[in-house]
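Working notes for the structure below.
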Amino acid sequence: MYTCPMHPEIRQEKPGNCPKCGMSLEPISPSADSDEEIRAAKSLSRKFWIGLILLIPIMLLAVGGMLKWIQLILASVVVLWAGGFFFSRAWQSLINKSLNMFTLIALGVGVSYLYSAAAVIFAVEKLDLYFESAAAITVLVVLGQYLEARARIKTSQAIKALLGLAAKNAHRVQNGIEQDVPIDNVGKGDILRVRPGEKIPLDGEIIEGSSFVDESMITGEPVAVQKVTADMVFGATINQTGTFLMRVEKIGSQTLLSQIVQMVSQAQRTRAPIQRIADRVSGYFVPIVMLVSSLTFIIWFIWGPSPKLAHALVNAICVLIIACPCALGLATPMSIMVGVGKGAKAGVLIKDAEAIEKSEKITHVLVDKTGTLTQGKPRVTAIMPASGWDKQQIIGLIACLEQASEHPLARAIIEYSKEQNIKIESVQNFESVTGEGVIADIKGKAVVAGKQKFIEHFNINIPENLKEQAIDLQNQAQTVVWLAVQGKIAGILGISDPIKPTTPDAIHELHKMGLKIIMVTGDNNKTAEVICAKLGLDGFYAQLSPRTKQEIVKKFKADKAIVMMAGDGINDAPALAQADVGVAMATGTDVAIESAGITLIKGDLNGIVKALHLSRNVMRNIRQNLFFAFIYNALGVPIAAGVLYPFFGLLLSPVIAAAAMSFSSVSVISNSLRLRNLKL
């Protein structure tokens, strides 16, 4: 399927042009070997060079006023062959009642060509010929279209570079036998061997061995990451030193690389709200320009100097050509396409252009604790049984309850129980209260685990000595999990989750950008207070459920704050969706990622710093582009209409008008491509 970047509602099954704006359609699902854009650029290049070669004798013959029929033949090749697509796109615009840049170009070029052709064919000696103007305008517009096509190829290089990273083969291990197979033959659950220097074929979990992996192609970070047993590795990243076995967890479109490509491709086709300005202007602009051109012709024909018809025709054509709104149409999409591609290379995936525009205005950043401020890889650091219970029983029962949970704390408990070789029993009547705790029957006994508040909800008496021990653990920034069996407290777990090394510097950068950082966590008040003080945050809210997190976001928005919410868990999804901009960690759950406008591949706050820098630079770039587009038209149209002639005797040549129009597009394209050099 192909779609228009300016009008995403336009979709068709084959390449072509948008019936509304005339732009070339782009594939919805990009592929590494797609060469539609390259073929289009080559075709335009060929038309430009042949047109330029033919333009030289046309201009030489025009100077001498010689061989008019040869001028007609050469100009016909340039206008009708090299510039033939102007007229077909203009005709489409008329059929679809959507006037666009090609309407103006075709009208300007067509009038000058047909006027001159009629003068030659009917041998009208007194009429001036404008073959050189028609041909020069055509060549310049084709050049502008070629430069635009080349720019679009550059903007899609980020996607194609990612697609080209995918491994082609894998070493599959079955029944102790290793065999090389194409990547398409690898299934979920297969065991693969990865050797030093090889690309990791697909997403999966290391089950044996360890290594350092270069993940720079998806995170933008140059430092290799250590990977050990139970760590996730991602397809297309490069194994550096060790050999390991991995179990494939995701294939095809489920892989991180495929999701990155789809998100980037989708985001590049979306339109920022600021685009509505250009859309509204363009909707009225072309008819107004045609009216101005008609008035210009009438005024010059009635009151202009001799030869009146020549002056009227030239100035009317100049207005049509110089006012062409192609730069206006390119201003926003070009910046968005380059910016989204740049973000993808830096590990910042943007779902749509609206997220870029809103991110620029953010005043408050609300962040979850576990997996966002902290590493999200907590460890069980304390087990304190109540009277009559031992540590093995406590960890065993909680592990039974948490075996189906995706929360990082649950995974820490499961990992610890495996290290202690504790058998995990099946449970009955399981019920999870997101962000609070879990309930189930284990061997006929009612077991409850979760926050203290959750336990107290069941009217379970909590011994004072355990309360004091829980407070001590919380003062050390440990999260406390309570366990009750048959209505009586069995013990508590202390789980610590170290702060990510990158978090303090990221918070410092966010403060430098003038933002307030607030922690919103389901953890207890004491742990939250310790972390808040340690990181120098601007405040915190603790012991929150998913609903109350969402309410906190609503509260800030009601106070006129522009809110960015960052989190990685299922419990963060409502708040992410409620925020002006939701930021999910790719290390988190799929639900969180779906609810967010921005996803950070590496999953730390440095990604937010990058995302905000990117949004500010992209929006500044768009405004610069809109200025370039508007200033050319604002100054160019009156000059082309001849307002300077009464004062300075200056008139604009159609060729100069075409050059100015092309230069405005080149200015927008060049300015947009500067974003590729942005340092994030």
Side-chain angles (χ1 to χ4, degrees), residues 30 32 158-172 182-184 186-265 341 343-350 371 375-377 406 408 411 500 502 568 584-590 592-594 596 598-604 606-607 610:
I159 293 178
K160 291 182 179 177
L162 285 168
L163 285 165
L165 293 172
K168 303 296 185 290
N169 298 290
H171 311 303
R172 184 167 61 191
I183 204 74
D184 292 338
V186 177
K188 196 172 180 180
D190 283 356
I191 306 300
L192 307 179
R193 183 180 299 281
V194 183
R195 299 191 178 95
E198 292 183 337
K199 287 182 180 178
I200 295 170
L202 294 161
D203 297 5
E205 181 182 355
I206 294 179
I207 59 172
E208 182 184 306
S210 62
S211 184
F212 281 85
V213 176
D214 177 2
E215 296 184 334
S216 59
M217 62 282 299
I218 59 173
T219 65
E221 299 293 334
V223 180
V225 181
Q226 186 176 16
K227 299 286 184 177
V228 296
T229 303
D231 281 347
M232 282 292 294
V233 289
F234 303 102
T237 57
I238 299 173
N239 180 34
Q240 288 194 336
T241 55
T243 298
F244 58 83
L245 292 176
M246 62 173 284
R247 180 174 53 249
V248 176
E249 300 288 347
K250 294 181 179 179
I251 60 173
S253 61
Q254 300 173 338
T255 64
L256 178 61
L257 181 64
S258 296
Q259 289 174 353
I260 290 173
V261 169
Q262 287 302 322
M263 285 185 73
V264 172
S265 178
K345 286 185 175 181
V348 178
L349 301 184
I350 298 163
Q375 292 181 3
K377 294 183 178 179
E406 290 183 314
R411 292 199 294 268
K500 292 178 180 177
T502 55
D568 72 335
M585 308 297 165
T587 49
T589 63
D590 291 340
I593 292 170
E594 277 297 312
I598 297 174
T599 300
L600 307 179
I601 297 297
K602 196 174 180 189
D604 65 33
N606 269 336
K610 291 179 181 178

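Listed by chain and number, the residues in a side chain to side chain donor-acceptor pair (under 3.5 Å) with E198 are H171 (sequence neighbours excluded). Residues passing the side chain to side chain donor-acceptor pair (under 3.5 Å) test with R193, sequence neighbours excluded: E178. The side chain to side chain donor-acceptor pair (under 3.5 Å) check on T229 picks up nothing, with sequence neighbours excluded. Residues forming a salt bridge (charged side-chain N to carboxylate O under 4.0 Å, His left out) with R247 (at least two apart in sequence, or on another chain): E205, E249. Under the rule for a salt bridge (charged side-chain N to carboxylate O under 4.0 Å, His left out), D184 has no partner lying at least two apart in sequence or in another chain. Applying the side-chain contact (heavy atoms from CB on, under 4.5 Å) rule to T241 yields the partners S211, F212; only residues at least two apart in sequence or on another chain are considered.
Pairs of residues two or more places apart, or lying in two chains, that qualify as salt bridge (charged side-chain N to carboxylate O under 4.0 Å, His left out) and include a residue from residues 230-246 are D231-K377. Screening residues 232-243 for salt bridge (charged side-chain N to carboxylate O under 4.0 Å, His left out), with sequence neighbours left out, gives no hits.
Here the CD atom belonging to E208 is positioned 11.0 Å from the CD1 atom belonging to I206, to the nearest 0.5 angstrom. The CG atom of L245 sits 9.0 Å away from atom CG of L192, with the distance rounded to the nearest 0.5 Å. In this structure, the separation between CD1 on I183 and CG on L202 is 4.0 Å, given to the nearest 0.5 Å. Between atom NZ of residue K345 and atom CD1 of residue I601 there is a gap of 15.0 Å, rounded to the nearest 0.5 Å. Atom-to-atom distance recorded for F244:CZ and R195:CZ is 12.0 Å, nearest 0.5 angstrom.
Closest non-hydrogen pair, G187 versus I251, comes out as C-CG2, 4.2 Å. When every heavy atom of A167 is checked against every heavy atom of P201, the shortest pair comes out as CB-CA, 3.8 Å. For A346 against K610, the heavy-atom pair with the smallest separation is O-NZ, 3.6 Å. Heavy atoms only, all atoms of each residue included: M246 and I200 are closest at SD-CG2, 3.8 Å.
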side-chain contact (heavy atoms from CB on, under 4.5 Å) between V186 and V248, worked out:
CA-CA 8 Å; V186 177; V248 176; 3.8 Å; yes
Please lay out, stage by stage, how I598 and V348 fare under the test side-chain contact (heavy atoms from CB on, under 4.5 Å).
CA-CA 7 Å; I598 297 174; V348 178; 3.8 Å; yes
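Look at D190 and R172 and you find a salt bridge, because one of the NZ, NE, NH1 or NH2 atoms lies within 4.0 Å of a carboxylate O, short of that distance.
Remark: the D203 side chain and the T255 side chain contain no N/O donor-acceptor pair separated by less than 3.5 Å.
Panel note: side chain K227, backbone M232; a donor-acceptor pair is recorded below 3.5 Å.
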